[in-house]
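First up is the structure itself, then whatever we jot down about it.
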Amino acid sequence: MKRFAFSVMSLAVAACGAAEPAGSQPGAENANISSPTLPLPEYFDCLRKNGGMVIAAHRGGPDTGFPENAIETFQHGFDKGIRVFEIDVAETKDGVLTLMHDDRLNRTTTGSGYVSDTDWATMSGLELEDNHGRRTGFHPPKLTDALIWAKQTGAVLELDKKPTTSFRNIAAAVKAADAAENVIFISYNDDQAAEIASLDRTFMMTASAYGDRDVAKLEARGIDRTRLIGWTGVDEPKPYAWERLAKVGVEPAFGTLGRAGERLDDVYLADGDASEYDALAAQGLVLLATDEPYRVADMIKADDVGREACGR
């Protein structure tokens with residue numbers, strides 16, 4: 001992503017709505033409000049049809065001084081041009097939905113013990129630590145606050161359900177915040193995909209799919225293909241699968257994230273250029289999940305292509 005001023009109009013708003021006035025958005029003095037904002041499914045359709053690609057920041061895009069799963073980190077990423085943030089949704093002992101990747105608090109906060117054994121009064125008083133173990137002054141947020149932030153900025157949150165909570169509880173929070181046009185649910189198997197669809201068929205989701213047969217199986221379980229993004233793993237690019245998905249109107253997703261030293265992010269960035277990422281877009285990839293969102297965004301052109309083609 002080239003560094004220049006660009007629109008921060010909503011990435012996704014309700015299909016019948018219009019973007020909020022530029023003056024109400026962060027950085028709105030540089031906003032271009034001449035183009036209408038597409039609803040989320042149509043935005044992804046536009047990316048697919050025009051060879052654009054969007055970056056999804058894993059665990060919210062942690063950076064030095066910015067911890068994972070923190071609203072302050074999302075804003076930091078948003079200011080650098082990231083628009084999709086993968087976040088982890090957990091539930092406290094007293095039923096509050098919060099953002100936390102691990103079962104335990106030890107790695108990313110000043111606390112200890114299990115999230116499921118901790119009440120919100122305790123959780124909210126903890127301080128988040130960045131990936132270097134440094135205190136940041138930020139605190140674990142409620143999911144509701146993250147959803148409100150996404151609506152205000154137009155960002156999209158990919159919701160990764162942790163074992164402490166349920167899709168039903170997450171869906172209820174999304175509906176209460178009227179944030180369905182700002183979220184993508186993550187499923188890990190067909191049963192989970194079907195459960196999400198049973199809660200609200202209009203929710204967008206990712207589900208494992210490599211072609212028309214997989215899409216047909218998901219449709220038989222109640223999933224609307226217009227709300228589906230086909231997840232194709234992290235081991236190696238699968239352009240043949242991306243082509244099959246595109247033929248049936250489904251956008252493909254792939255991840256270069258993973259264990260440090262083994263992930264494709266490290267392989268691709270070792271030579272100091274991002275040609276491999278732009279090649280993924282040229283091969284039909286639409287959603288890229290990465291552990292290096294800032295470096296990739298600075299270097300690739302595919303996100304610029306998508307924004308220009310789709311009015312962002």
Side-chain angles (χ1 to χ4, degrees), residues 1-9 11-12 32 35 38 40 42-63 76-86 154-156 158 184 206 209-211 229-247 249-312:
M1 175 179 296
K2 302 169 187 175
R3 290 300 180 88
F4 56 87
F6 56 87
S7 169
V8 292
M9 289 171 56
L11 178 63
N32 172 6
S35 299
L38 294 172
L40 194 55
E42 293 178 24
Y43 176 72
F44 276 93
D45 287 344
C46 182
L47 289 172
R48 169 172 50 82
K49 293 173 182 177
N50 289 280
M53 184 172 70
V54 65
I55 295 168
H58 189 219
R59 300 188 190 179
D63 200 1
H76 170 69
F78 191 93
D79 291 342
K80 291 179 176 292
I82 308 300
R83 290 295 178 267
V84 181
F85 301 85
E86 184 267 353
V156 174
E158 278 195 288
I184 300 170
T206 63
Y210 298 85
I229 297 173
W231 176 251
T232 62
V234 298
D235 52 351
E236 62 181 18
K238 299 177 178 66
Y240 60 89
W242 305 343
E243 181 179 1
R244 290 179 197 159
L245 289 169
K247 286 181 178 179
V250 173
E251 290 73 49
F254 177 72
T256 50
L257 68 176
R259 188 183 299 275
E262 301 175 5
R263 60 195 175 194
L264 287 177
D265 277 330
D266 295 335
V267 175
Y268 289 172
L269 292 170
D271 59 0
D273 73 61
S275 59
E276 293 91 344
Y277 294 99
D278 277 320
L280 297 179
Q283 293 170 331
L285 184 64
V286 173
L287 178 64
L288 170 71
T290 174
D291 282 323
E292 295 284 355
Y294 307 115
R295 294 179 66 189
V296 175
D298 274 343
M299 300 167 75
I300 69 171
K301 300 176 182 178
D303 55 345
D304 298 331
V305 170
R307 182 171 56 254
E308 292 167 5
C310 302
R312 286 170 172 75

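For the numbers below, each heavy atom of this structure counts, side chains included, while hydrogens, waters and symmetry mates do not. The model shown is predicted, which means the values in this text are computed figures rather than measured ones.
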Evaluation steps, side-chain contact (heavy atoms from CB on, under 4.5 Å), between Val234 and Arg263: CA-CA 8 Å; Val234 298; Arg263 60 195 175 194; over 6 Å; no
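- Each of Asp303, Leu288, Leu264, Leu285 was compared with Tyr277 under the side-chain contact (heavy atoms from CB on, under 4.5 Å) criterion, and only Leu288 meets it.
- Taking all atoms of both residues into account, the shortest heavy-atom contact from Met299 to Asp278 is O-OD2, 4.4 Å.
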Phe85/Glu158 under side-chain contact (heavy atoms from CB on, under 4.5 Å): CA gap, chis, key distance, verdict: CA-CA 6 Å; Phe85 301 85; Glu158 278 195 288; over 6 Å; no
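- For Lys238 (side chain) and Glu236 (main-chain N/O), a donor-acceptor pair under 3.5 Å exists by modelled atom type.
- The CD1 atom of Ile184 lies 4.0 Å from the CD1 atom of Ile229; values are rounded to the nearest 0.5 Å.
- The shortest heavy-atom contact between Pro293 and Ile82 is O-CD1, 3.7 Å.
- Residues Pro237 and Trp242 come closest through the heavy atom pair CB-CH2, 3.8 Å.
- If you take CE on Met53 and CD on Gln283, they are separated by 10.5 Å, rounding to the nearest 0.5 Å.
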Would you list the atom pairs, donor with acceptor, under 3.5 Å between side chains in residues 250-261 and any protein atom, with sequence neighbours excluded?
unit_1	atom_1	unit_2	atom_2	d
Glu251	OE2	Arg48	NE	2.5
Glu251	OE2	Arg48	NH2	3.2
Thr256	OG1	Asp265	OD1	2.6

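- In plain terms, the two heavy atoms of Thr232 and Ala209 that are nearest each other are CG2-O, 3.5 Å.
- Using a 4.0 Å cut-off between charged side-chain N and carboxylate O, Asp298 and Arg295 make no salt bridge.
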Let me check something: any side-chain donor-acceptor pairs from residues 54-63 under 3.5 Å, sequence neighbours excluded? List them with distances.
unit_1	atom_1	unit_2	atom_2	d
His58	ND1	Asp291	OD1	2.7
Arg59	NH2	His101	NE2	3.1
Asp63	OD2	His76	NE2	2.9

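- Not a single ring-ring contact (aromatic ring centres under 6.0 Å, His included) links Tyr210 to another residue, sequence neighbours left out.
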Test side-chain contact (heavy atoms from CB on, under 4.5 Å) applied to Glu292 and Leu269, step by step: CA-CA 9 Å; Glu292 295 284 355; Leu269 292 170; 3.8 Å; yes
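- Scanning for salt bridge (charged side-chain N to carboxylate O under 4.0 Å, His left out) contacts around Glu86 gives an empty result, with sequence neighbours left out.
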side-chain contact (heavy atoms from CB on, under 4.5 Å) assessment of Phe44 paired with Leu40: CA-CA 6 Å; Phe44 276 93; Leu40 194 55; 3.7 Å; yes
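- For Glu243, the side chain to side chain contact (heavy atoms under 4.5 Å, CB included) partners are Lys247, not counting sequence neighbours.
- In this structure Asp271 satisfies the side chain to side chain contact (heavy atoms under 4.5 Å, CB included) test together with Asp273, Glu276, sequence neighbours excluded.
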